[in-house]
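Computed from a prediction, not measured in an experiment: that's the story for all the values here.
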Amino acid sequence: MARIPLLLLLLLAVSAAGAAQVGGKRGHGPLVGGWSPITDVGDPHIQELGGWAVERHVSLSSDGLRFRRVTSGEQQVVSGMNYRLVVSASDPAGATASYIAVVYEQSWTNTRQLTSFKPAAAH
């Protein structure tokens, strides 16, 4: 009888080791909870998130920024999704600059929060 639990434990250990190997190379897959690139920043949902982030920022700061587009971004699976978006926005004088907007979204509870919004570092 002791052999069956031991066999099950061995099978679980082998399964866990196999799951840790992503793409056949140990340690070269995406990190659980890590950031991954958004491959299609033109996706309507991503663009809508960027516009929402700028609107939310303006409602808090009254600086008059106007959303232009999301130019790049990353996403992170959490209890919902974190998005780190590079957005292009123009000020009231028409000057365009890039900003980093971090948005948390949990679709099943209709939760959306602007976590941070700041100018992108100049390269």
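- Qualifying side-chain hydrogen bond (donor to acceptor under 3.5 Å, both in side chains) partners for Arg112, counting only residues two or more places apart in sequence or in other chains: Glu48, Glu105.
- A single hydrophobic cluster is not seen to contain both Met81 and Val78; linkage of ILVMFWY side chains at heavy-atom distances under 4.5 Å, directly or through other members, places them apart.
- The two atoms that bring Leu114 and Ala53 nearest to each other are CD2-O, 3.7 Å, heavy atoms only.
- Looking at every heavy atom in both residues, Ser90 comes nearest to Thr96 through CB-OG1, 3.9 Å.
- Screening Glu74, Gln76, His45 against Tyr83 for a side chain to side chain contact (heavy atoms under 4.5 Å, CB included) leaves a single residue, His45.
- Atom OG of Ser98 sits about 8.5 Å away from atom CZ of Arg69, to the nearest 0.5 Å.
- Counting heavy atoms from C-beta on, the side chains of Phe117 and Val87 come closer than 4.5 Å.
- The side-chain heavy atoms of Leu85 and Ile46, taken from C-beta on, include a pair separated by under 4.5 Å.
- A heavy-atom distance below 4.5 Å is found between the side chains of Val86 and Ile100.
- Two residues are said to be in side-chain contact when any heavy atoms from C-beta on lie closer than 4.5 Å; Val103 and Thr115 fail this criterion.
- Of the possible polar contacts, none joining the Tyr104 side chain to the Thr111 backbone as a donor-acceptor pair under 3.5 Å is found.
- To the nearest 0.5 Å, atom CD of residue Gln47 and atom CZ of residue Arg68 are 12.0 Å apart.
- The line from OG of Ser88 to CZ of Arg66 is 12.5 Å long, rounded to the nearest 0.5 Å.
- A distance-only check finds no donor-acceptor pair linking the side chain of Gln75 to the backbone of Asn82 [under 3.5 Å].
- Listed here is the closest heavy atom pair of Val58 and Gly64: CG1-N, 4.2 Å.
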